[in-house]
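Notes for the one structure printed next.
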Amino acid sequence: MAAPVSVHLEFGGGAELLFDGVKEHHVTLPSQPEPWGMRQLLVWIQRNLLKERPELFVQGDSVRPGILVLINDADWELMGELDYQLQDQDNVVFISTLHGG
Amino acid sequence: MPVSCSSCGEKRAALKRPKTGHSLCKECFFMAFEEEVHQTIVNASLFKSGESVAIAASGGKDSTVLAHVMKVLNERYNYGLELMLISVDEGITGYRDDSLETVKRNQQQYELPLKIVSYEELYGWTMDAIVKQVGLKNNCTFCGVFRRQALDRGALMLKVDKICTGHNADDVAETVLMNVLRGDIARLRRCTAISTASEGEGVVPRCKPLKYAYEKEIVLYAYFKKLDYFSTECIYSPNAYRGHARTFLKDLESIRPSSIIDIIHSGENLSVREGVKMPVQGTCSRCGYISSQALCKSCVLLEGLNRGLPKLGIGKHHRLHGKILSQQPLTEKEERKLKSVEF
Amino acid sequence: MCEMQRGAGSSSDPCRRPVLQVRRTWEAEAPPRGLSVRNRSARADCVLLFVRSCFRDYFTHKFRAMLGKTRLIFPGEKVLLAISGGPSSSAMLSQVQQGLSQSAQKKLRFLPAIVHIDEGGALGLSLVERQRLVSELQVIFRASGFNFYTIPLEQVLDLPSSVVNVAPPSFDQAPDSYKAAVDVDLQGAGRDPQQGGGVPEPRLDESQTRSLQQLLGSAATLTARAELLSTLRQHLLVHTARTRGYSKLLLGESCSRLAVRLLTCVSLGRGAHLAQDTGFSDCRFGDVTLVRPMREFSAKEIAVYNHMFGVPTVIIPTLDTKMPEKASIQRLSQSFVSRLQQDFPSTVSTIYRTSEKLQTAGGGCSAQDGRCLLCVCSVDTAAGKASALQARLISEQLCCQEPAGTVQVGPTPPAGQCCSATDGECGRPAGGAGCCSSHFRAPEKKELQKLLCYSCQLILRDMSSVAHLPQYIVAEAERRKRRSLMKDEISEFLLEEEGSS
């Protein structure tokens, strides 16, 4: 059993529009059999936070192309992307690069 | 309530033209379709009276419709052309052998002479054998390069003045998109030309009379005319990147049907900045075919196959051309790089 | 300039921890000086890893280099920054701010001001919402210390006709005068005092908002509406620059956006205008040059920069916000490019490099005439007999004429014939029995089509009515028509074609 994990989520660049315009979310991910990774986090976000048009945020099991992800202020491409294991108090930022310029 | 034909105003409309959105009866559609191809031929002065013209026939819808329309127009407007069919046998069991049967039936139906040139006799390799060596990822490169040359060789054997191919508007628009995506400015500039000028020895000028005909309309034409064509895709995997461009084009068409023609218009009106490097056309020092390198692509590919180094022709290995020409052996390191099939 | 050796990732020093991975393709040329590149292959596809401070230097260096090497913006020149509030233009504002506060050697030497077009009316936002967004932006603008103009898009309805005309360049910009301008600037001459305030904005008139909405509403497709909106925005921006004496208009388009734009333009039939629509500089208006200094930055670099260095942005919805993928050609192109970029990481840079190899048909910067009434690019409809345009006209004509054989297809079918117009409308007498279409038929629409480039004709074709077009466009159309008639009348007395409209 993995312990619950508290993470700070931030949505920007227009991605927040899919979350009722709310940019910052402090959430606690409940205890579950397998550890919390980015893959699981995306599913959780889709089920619990996303307000509309899920296809504009997730595609397949990843984020929609054009949405940038930073984990603790570093590019998630450097952190293993979907396989990154979340740590307590992690900061995850989703920035849409698809919205106006 | 049945819609009446917007052209003759009498008969019941049978279809909505994908190209313009007008509702037409079958006869008016046939007339409009054929007339448009005629206008294309006349406006672009594709042929001269007395010329012999080979129609590249694959047995598929485009070339079947092309053969049919060329025959009809040649008679209706007295083009004075001597038409014949030319077909390439790539050696793909279960695909080309079946489609060649269709071409042979077309030959009978249209009473046109037919010439078949095969990869096997030209290169000593069938596509089946090539795929066995190179795998499924880059086989389209081999096939495309070989086909172009095969058509020229066949046309030379038939002593024709011109080849016409079944490329339609969708194909041309797709090629424009592909070249934008690949940043291939030289091809981008050339790809909308309706005909290629005579590029040199051994190359027969080509043209695309169906350049402005929508694929959808070609299918409708073949369907209503009950033309006999072969409609299975090549059994070897289609080019993935081209597939993306095609999907995009189809989506564009669904949003704005004129997109296909609009993209061709874009391609026709591009102009390239002066000083951008363009490859210089020369000839292959081995077979004499046009090439921008010392060896033409087809000779490099063939050399790779024969040496058991299939990667030789994929990607850029121009610096090896000297070695190939002088029949020198490659170093072990070079060989290792070109050998692996996983690319 | 930056550490990107193999070891960078494994360093235990948190300051040396890489925070960003960027893929770049350098074709032919070498990667910028000072960058050590991790993977160097034949095509120079490489992955850059940045630590935080290096990324800042890299970003700033690139911005300055872009303006420096082109020598397009003169010292002391008045420059207007078009700021939408989005990430890319906000990053541009931040760079200009920094550049002006640099030490003398590296200092940017032009005089900037900000313009923001409030498009809320076009998007159907409430007045309260619009005011909120504008005041949020004004906080940012005020903090910059620059003069700023926030202009409601409704103002476009009051523009003078001259906005769609080319004006002669405002001052001499020969290469050798650049040096002279630097010297003048260094002596402190020619410098305007910057007061750093907002210019009082005109009051919003509700009926104006309604007119604007009717105008955009008459475009039946989102594709046409979006093109129309961006055309209007461009007119208003250029007008603002002209009347306030700014000779450069800086746009914040990133290379990701320009790659999408390029593909969109190809799909919209704007092939002839690609260089203007996506190039570094665009002088179609003559006196005001549009400049795109952000075109070397990817959307990802910009997003990370803004996030890391706290650059404020204001997200304002656009026409296609939350719309499905196939809602418009612009929208589709964007999702297509970003999806392809995922699978083929050099997609954006490859498409974007294409734009550098193109040039405008017919010179672009000089020719005064034959410009499109909407986009002000050279009209590209004088195509030959064997062309896509001609093929389209033939198709339209063939569909509602007497069966072929008798068909006379000329390059310009006589007016009054069925479907002879380029707009795809039936030209038979309205209400006539054989008329093939029952669209709205305004005589002006046909007249207008003649004054447009291929692609802008498509916008008009998608419009149910031209009744709501702004007065400045209609008046200019009238003027051009009269002039063309006059020219026809006197043509036999003219000794040679002087090439004016």
Side-chain angles (χ1 to χ4, degrees), chain B residues 6-9 17 19-22 24 27-28 31-32 34-36 38-40 42-45 169 176-177 179-185 188 192 194 211-212 240-241 244 247-249 251-252 254-256 258-259 261-274 276-277 315-316, chain C residues 27 42 221 223 262-263 265-272 274-275 325-329 332-333 336 340 343-344 347 350-351 353-354 356-361 380 383-392 394-396 398-404 407 409 424 433-434 436-437 454-455 458 462:
Chain B
S6 66
S7 179
C8 62
R17 283 196 81 178
K19 199 173 182 177
T20 63
H22 290 101
L24 295 184
E27 280 68 30
C28 288
M31 219 39 162
E34 290 156 10
E35 200 57 32
E36 281 166 29
H38 170 62
Q39 293 292 343
T40 305
V42 171
N43 287 340
S45 319
V176 171
L177 292 176
N179 288 327
V180 169
L181 295 176
R182 283 194 298 224
D184 190 334
I185 206 82
L188 188 54
T192 50
I194 191 161
K211 181 186 170 189
Y212 298 116
Y241 208 78
H244 289 295
T247 313
F248 178 56
L249 185 70
D251 288 346
L252 283 174
S254 72
I255 297 173
R256 179 185 265 180
S258 70
S259 294
I261 288 289
D262 301 342
I263 291 170
I264 301 178
H265 175 82
S266 279
E268 287 174 348
N269 287 278
L270 286 178
S271 50
V272 176
R273 184 183 293 280
E274 282 163 47
V276 173
K277 263 205 266 172
K316 294 188 172 157
Chain C
E27 270 177 25
T221 61
T223 304
L262 189 121
L263 197 62
C265 285
V266 169
S267 309
L268 293 174
R270 295 188 61 81
L274 288 183
E325 220 170 70
K326 287 199 218 171
S328 70
I329 288 179
L332 179 74
S333 307
F336 174 70
L340 208 57
D343 297 340
F344 305 93
T347 301
T350 309
I351 302 176
R353 301 265 164 235
T354 309
E356 294 182 338
K357 301 171 189 161
L358 298 167
Q359 69 177 3
T360 50
D380 56 348
K385 279 201 318 186
S387 65
L389 174 61
Q390 199 52 37
R392 205 185 78 200
I394 291 170
S395 292
E396 280 161 2
L398 277 170
C399 275
C400 38
Q401 273 200 343
E402 300 316 311
V407 180
V409 185
C436 66
S437 107
Y454 182 97
S455 185
L458 296 176
D462 278 358

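Order of the sequence lines fixes the chain letters, A, B, ..., with proteins taken first and strands second; residue numbering starts at 1 for each chain.
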Which one wins on heavy-atom pair count under 4.5 Å against chain C: [options]?
options	value
B:K19, B:E36, B:R17, B:E34	B:E36
B:L249, B:V176, B:I261, B:I194	B:I261
B:V180, B:V42, B:N179	B:V180

Between [atom1] of [X] and [atom2] of [Y], what distance do you get to the nearest 0.5 Å?
X	Y	atom1	atom2	value
C:E325	B:I255	CD	CD1	9.0 Å
C:I329	B:D262	CD1	CG	7.0 Å
B:K211	B:T40	NZ	OG1	9.0 Å
B:L177	C:S267	CG	OG	5.5 Å

Contact part of [X] toward chain B, heavy-atom cut-off under 4.5 Å: side chain, backbone, both or neither?
X	value
C:L274	side chain
C:S333	both
C:L262	side chain

Point to revise | Most chain B-contacting option - heavy-atom pairs closer than 4.5 Å, from C:A327, C:A386, C:S387 | key: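 With the most close heavy-atom pairs to chain B, the winner is C:S387.
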Point to revise | Closest-packed option against chain B by number of heavy-atom pairs under 4.5 Å, given C:L332, C:T354, C:L268 | key: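 Of the options given, most contacts go to C:L332.
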Practice item. Identify whether NZ of Lys or CZ of Arg in C:R392 sits under 6.0 Å from the centre of the six-membered ring of C:Y454 and within 45° of that ring's axis. Key: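 Flagged: C:R392 positioned over aromatic ring of C:Y454.
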Review point. Do the non-hydrogen side-chain atoms of C:L458 and B:R256 ever get within less than 4.5 Å of each other?
Key: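 Counting from C-beta outward, C:L458 and B:R256 do come under 4.5 Å.
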Practice item. Measure across C:K326 and B:S254 and return the closest heavy-atom pair with its distance rounded to 0.1 Å. Key: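 Looking at all heavy atoms of both residues, the shortest contact is CD-OG, 3.8 Å.
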Review point. Which bit of B:F248 is near chain C, if near means a heavy-atom gap under 4.5 Å: side chain, backbone, both or neither?
Key: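 Backbone plus side chain of B:F248, per the 4.5 Å heavy-atom cut-off to chain C.
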